[in-house]
2 protein chains.
Amino acid sequence: MTLNRLINLMPKDPLDLPATASANHPYHHGNLRQALLNASMDIIRNQGIGGLSLRKLAEVVGVSRTAPYHHFKDKDALLAAVAAQGFAELSELLNEAILDEHLPLSDKLQQAVMGYLQFAIAHPTQYELMFGQMLWQDSKQTEFQRTAKDCFRLYVKIFESFEQHSQQSLNESPLRLAQVTWSTLHGLARLASDGIFAKKDDLDDIAKTVIKQIERSIESESE
Amino acid sequence: MTLNRLINLMPKDPLDLPATASANHPYHHGNLRQALLNASMDIIRNQGIGGLSLRKLAEVVGVSRTAPYHHFKDKDALLAAVAAQGFAELSELLNEAILDEHLPLSDKLQQAVMGYLQFAIAHPTQYELMFGQMLWQDSKQTEFQRTAKDCFRLYVKIFESFEQHSQQSLNESPLRLAQVTWSTLHGLARLASDGIFAKKDDLDDIAKTVIKQIERSIESESE
DNA sequence: CCTGCATTTTGACATTGTCAAGATAAGCCT
DNA sequence: AGGCTTATCTTGACAATGTCAAAATGCAGG
């Protein structure tokens, strides 16, 4: 299976740090912010975005209902932080592929594509949060939006590499290629994780088709 | 502007039927179900999905809080119905292009692509609802899911036409082509309506790139 | 006219997001 | 050390919401 590297991403031991602090709450939790983020991701993964309530979250972490408000302005800010952490992880994953100097370009592309899909499949609900309108329309979430755009720039970078290492110039700008590629990946991710219009088993095959299509767009076009 | 046909879809006079029944509520509203749907779409368009509360909705329509429960099992069922109506409209729009017999195939493709994007841009929040995990993971929303899949089949149909009218066989199956095409469109719609990773003005240009890419996938490939 | 059924209403309850005011502890300065 | 400041956490409270149960209302057919 091509997608089995997925196992590395999937479960993720829930909360580590000072444990759930169930018995021994020392008035000051010490690391509440991260504990809240971890627990949130856990809940979101298992119960969906709508399944996350600040009160239940607080209880899980072992603090009172309003404690989270000292670390996040409101629920939206918490969700934005969860989403931002998602983008950070995704960026890390993409960087692994891009920064590897002795890796052929075509392999980089393939890794970037498969890595993206693996992430989306491993964290379907978090992924939905990352691209939901809620956070993108909210003008207060600038931090989140910056993190996300940093992530996208990595895709542009890949196609810039293609431009530099290629003889003739590409028939589309790296930006355009990144935009179209990302669009396809995003749609594919939705297909894959929800099985909206396709069976999950088809994914590998569809992904291959997509990579072929992208390469066709890069390679010197007839004339 | 290529996307100005959008105006035909955009505003949509809010509630028509027996009006909002503000002054003259006759105990039996007569058409509550559709009035609820209309008002819901209105609210969702203006305030987002999260901005829809059953109680406010009921007040807008002029009935008591629990009246809607006799037409929709619960809030999810209402949202599913709104989403389903979205798919129905989208199908209608696509059918216009597909059923037009004396329209060149390439024009059909272009219309199907642009129509889809226009719809997504005209109804961004409803569109998000239509593809949110909430409704796709909920095993109770079978009616909604069927309507959605009917819509997708129209895309497969387009590529089947290509297969029939083409000399040599396509290098990908119509299903695969539809899946990849839809993926790209879905991602592009997200790009366009939220400006996530691109400016809205770029959309027309990106759309053209996409159409070119699709056509490259259809045309006889230099094997 | 009366009875059954669809439709709508009022009352009630638990859950939730969030604010305000107070409690607790940790760090710092002298 | 003691006291001040500040970050962190708690309890109390409130309004908004989804939804259930029971009652009210009106229509349609016998």
Side-chain angles (χ1 to χ4, degrees), chain A residues 15 17-37 39-40 43-44 46-82 129 132 134-135 138 140-141, chain B residues 15 17-37 39-40 43-44 46-82 129 132 134-135 138 140-141:
Chain A
L15 325 174
L17 306 175
T20 329
S22 43
N24 62 334
H25 12 206
Y27 199 92
H28 283 69
H29 182 289
N31 208 334
L32 187 55
R33 187 188 155 93
Q34 192 55 46
L36 287 170
L37 283 179
S40 294
I43 293 176
I44 286 177
N46 296 321
Q47 334 225 7
I49 299 171
L52 177 69
S53 96
L54 285 191
R55 296 171 103 111
K56 275 190 295 185
L57 171 64
E59 195 184 15
V60 165
V61 175
V63 295
S64 75
R65 30 224 149 84
T66 58
Y69 284 87
H70 292 264
H71 299 271
F72 303 97
K73 187 193 169 308
D74 55 15
K75 193 180 184 182
D76 284 0
L78 205 200
L79 291 176
V82 171
L129 182 64
M134 210 185 86
L135 299 178
D138 188 342
K140 282 174 295 188
Q141 315 301 344
Chain B
L15 325 174
L17 307 174
T20 329
S22 44
N24 61 336
H25 16 207
Y27 199 92
H28 284 69
H29 182 288
N31 209 335
L32 188 55
R33 186 187 156 92
Q34 191 57 44
L36 288 170
L37 282 178
S40 294
I43 293 176
I44 286 177
N46 296 322
Q47 336 226 4
I49 300 172
L52 177 70
S53 94
L54 285 191
R55 293 172 105 110
K56 276 190 294 185
L57 171 65
E59 194 185 15
V60 165
V61 176
V63 295
S64 75
R65 357 194 187 115
T66 58
Y69 284 88
H70 293 264
H71 300 270
F72 303 97
K73 187 194 168 309
D74 54 17
K75 193 180 185 182
D76 284 0
L78 205 200
L79 291 176
V82 171
L129 182 63
M134 212 186 88
L135 300 178
D138 188 341
K140 282 174 294 186
Q141 314 302 345

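Here is the naming used below: chain letters follow the sequence lines, and residue numbers restart at 1 for every chain.
Atom NZ of B:K56 is separated from atom P of D:dA16 by 10 Å (rounded to the nearest Å). Protein atom CG of A:L32 is 16 Å distant from nucleotide atom P of C:dA25, rounded to whole Å. As a whole-Å value, the separation of A:Y69 OH from C:dA21 C1' is 16 Å. Per the geometry, CD belonging to A:Q47 stands 15 Å off C1' belonging to C:dT16, to the nearest Å. The distance from atom CD of A:E59 to atom P of D:dT11 is 12 Å, rounded to the nearest whole Å. Atom CG in B:L79 sits roughly 12 Å away from atom C1' in D:dG18 (whole-Å rounding). Distance, B:D76 CG to D:dT17 P: 17 Å, rounded to whole Å. Distance A:L54 CG to D:dT10 C1': 16 Å, rounded to the nearest Å.
Between A:S64 and D:dT11 there is no side-chain polar atom (N or O) within less than 4.0 angstrom of OP1 or OP2. For the pair A:H71 and D:dA7, the criterion of a side-chain N or O lying under 4.0 Å from OP1 or OP2 is not met. Within the 4.0 Å cut-off from OP1 or OP2 of D:dT10, not a single side-chain nitrogen or oxygen of A:T66 is found.
You'll find the side chain of B:K140 stays beyond 4.5 Å of the side chain of B:D76, heavy atoms only. Residues A:L54 and A:R65 fail the side-chain proximity criterion, which asks for heavy atoms closer than 4.5 Å. Side-chain atoms of B:L37 and B:F72, non-hydrogen and from C-beta on, do get closer than 4.5 Å to each other.
The backbone N or O of A:L52 lies less than 3.5 Å from a partner atom in the side chain of A:K75, making a donor-acceptor pair.
If you check the side chains of B:Q141 and B:D138, you find a donor sitting under 3.5 Å from an acceptor.
Contact annotation for A:L57: no contact, since no heavy-atom pair falls under 4.0 Å across all strands.
Counting distance only, with no hydrogens placed and no angle test, the side-chain atoms of A:R55 and the base atoms of C:dG17 include a donor-acceptor pair under 3.5 Å.
Mapping A:S53 and A:H70 onto DNA chain C by nearest heavy atom places A:S53 closer to the 5' end of the strand.
For A:R65, whose side chain is taken as the heavy atoms from C-beta onward, the closest listed nucleotide among C:dT9, D:dC9, D:dA13 is D:dA13. The side chain of B:A67 sits closest to C:dT9 out of D:dT10, D:dT19, C:dT9.
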